[in-house]
Amino acid sequence: MALRELASLEKYLGLKKPNKYSTQGDKKVPVMQNNNAPPLVGLVTIACHLVKESKRPELLGDSAEGRAVVQQWLEYRVTKLDSHAKEDIKSILKDLNLYLQDKVYLAGNQLTLADVLLYYGMHSIILDLTVQEKEQCVNVTRWFDHIQHQPGVRHHLPPVVVLRNRLYTSRHH
Amino acid sequence: MTKEEVNGATEEEQQAQSKKALKKQQKEAEKAAKKAEKQAKLAAEQQSADEDDFAKDRYGLSAMVQSQQKLDRALVRVQDLTAEKVDQLIWLRARVHTSRAKGKQCFLVLRQQQFNVQALVAVGDRASKQMVKFVANITKESIVDMEAMVRKVEQKIESCSQQDVELHIERIFVISQAEPRLPLQLEDAVRPDGEGEEEGRATVNQDTRLDNRVIDLRTTTSQAIFRLQSGVCQLFRDTLTKKGFVEIQTPKIISAASEGGANVFTVSYFKSSAYLAQSPQLYKQMCICADFDKVFCVGPVFRAEDSNTHRHLTEFVGLDIEMAFNYHYHEVIDSITDTMVQIFKGLRDNFQTEIQTVNKQFPSEPFKFLEPTLRLEYTEAVAMLHEAGVEMGDEDDLSTPNEKLLGRLVKEKYDTDFYVLDKYPLAVRPFYTMPDPNNPKYSNSYDMFMRGEEILSGAQRVHDAQLLTERAQHHQIDLEKIKSYIDSFRFGAPPHGGGGIGLERVCMLYLGLHNVRQTSMFPRDPKRLTP
């Protein structure tokens, strides 16, 4: 799962030479073989390295504050999202929905690595939501639909259908 | 301690004791005096009570009405208590809904079906203290006869249906007393769920209501629901009769299961057994073959389905239609949809009070429909679902969640709560459904939906004995069991079609309720056989 993400990320970043990956441990933590240096371990570490390699540092945030927020969300992805239990889904959606109330992107005013990795991480959750549930966490759905339509982001994942109009008005089943 | 001191001590003790004893005696004397005083007072009061009850004959428990006399007394209906009747002295019979005593006054709310009115009695020259006390102690739900003066009120009484007037009680007699402990409180039974949670007040859950159905049916909401249901039946009959349909009665004890052996009740029939009819299907069709041309029937339907859902009952009332047509089964669809539209219009125009009453406890959007009724083809519906991200095959049946989602999509696109889905795949329909002439994968069958839930399943029936036999064989049905059914088509049968709706489901969906037991007076489901 994480390996496919990294492969997609490489494609998005436009990196020509694909790197060699493997996994370690039972949590399948990705490891990247580095030619001269010791191997890089961990999704966030590898992703940040790839971004630097592709010489697009703005994807990590445009200001000091922006960079901090990006790191915060990257950590959120690895700690909260990847090992979430079924009961946590509701709280995850609630938190994200509240946060995204007045934001187009997670950090700052443009697409960052945080958006991309969180999109990969949330995909399976959003895919399983019913139309009604998607309407309830309307900000998450909006953000998700926006990210999945960004050119180049969505490689290995099927698109999730998001309807334009609301089907469920306030007082119904 | 030395002896002297001990002696001294005991002396003191004795002195103290006698002091104590004195005090005790004093106290007892006071107590006795007080008691005597109280008793004297009570006695005096009692005397005065008996003496001063000048209103003794204007209230009390009436003797049981055993038709002792024919009183020529006109009783006014609560719903007629309007400003017109102000300053009139009237008699009425109603239930005591609530009573509230406040010092020298007692307020009653009297209820008659959906209507209620405030009444009051106050200590004065018309009513004695004892009378007010008696009125305050009348148990809730008791039936009373009351003579009262209708008075105008300055401020509208918001909590009653009759807001402009109140009654000043002259005489009041209890005709039938209710036991003081009611199994459920009517105010709780009418409280909307949300309000109950917010204010921490009680609401009554469904099982309690159904166990004590007689009391639950007295609530304004229940009265409104079942009056509306009665309206549906009446509109159904009237509309079809105007279209030239004949009402028929079909047998409910039958020899073969009409819809399949799985969900049928078996009854012992003398030395053998029989079944309770799952639908009047077979007999409706036989009537068409018997030249009745257009028939309908209203009667119970028994389905032994072990489904404990919000929309299944084991016994419900079926409103069934069957008609012969000339050239195309759409004539049948048009007739049925027109009937449904007439019913919806009739409810909308004549039962607004009932609809509003139900909405107070169960808020919902008003029911919307189009004229002419929207008709979609099955393939269109599947396309709409695919667009919304649902994965299903072209010939798959619609699952309940998909039906509901489709209802939402249709509502959003066409703004209607009622529509017809035409040309279902043949594979998911019963054996007597006529296949589509142009595409063997589909059939001339249709379903109708209200608020995204199915209310009617219908089709053009196979009226040719040969084809019917083939279809039955294809579905691996034992031909012996349906021999008489197939025989009815051997002696000339017109092309025909029809469908059946469930009365309870239609009412539930029209009102936007969420459980079919609310629209069934004494519902039957796998877990409930009483009351």
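Numbered from 1 within each chain, the chains take letters A, B, ... in sequence-line order.
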Requested in this report: Decide side-chain contact (heavy atoms from CB on, under 4.5 Å) for A:V131 and B:L409; before the verdict, give the C-alpha distance in whole Å, the side-chain angles of both, and the deciding distance to 0.1 Å.
Outcome: CA-CA 10 Å; A:V131 176; B:L409 292 167; over 6 Å; no
Query - Neighbours of chain A found in residues 389-403 of chain B - heavy atoms under 4.5 Å - result: B:G389
Query - Residue A:R4 excluded, over 12 heavy atoms near CZ under 6.0 Å - result: no
Requested in this report: Report, as yes or no, whether the 6.0 Å neighbourhood of atom CD on A:E75 holds more than 12 heavy atoms from other residues, nucleotides or ligands.
Outcome: no
Query raised in the report: If you look at every heavy atom in A:L167 and B:E412, which pair is closest and at what distance?
Result: CD2-CB, 3.4 Å
Query - ring-ring contact (aromatic ring centres under 6.0 Å, His included) partners for B:Y510, two or more places apart - result: B:F344, B:F367
Query raised in the report: Does a sphere of radius 6.0 Å around NZ in A:K103 hold more than 12 heavy atoms from other residues, nucleotides or ligands, not counting ones at 6.0 Å or beyond?
Result: yes
Query raised in the report: Are there more than 12 heavy atoms of other residues, nucleotides or ligands under 6.0 Å from atom CD of A:E53?
Result: yes
Report task. With sequence neighbours left out, write down each residue that passes ring-ring contact (aromatic ring centres under 6.0 Å, His included) with A:Y99, or none if nothing qualifies. Result -> A:W73
Query - Distance (rounded to the nearest 0.5 Å) between B:K413 NZ and A:N165 CG - result: 11.0 Å
Query raised in the report: Got a sec, which residues hit side chain to side chain contact (heavy atoms under 4.5 Å, CB included) with A:K86, two or more places apart in sequence or on another chain?
Result: none
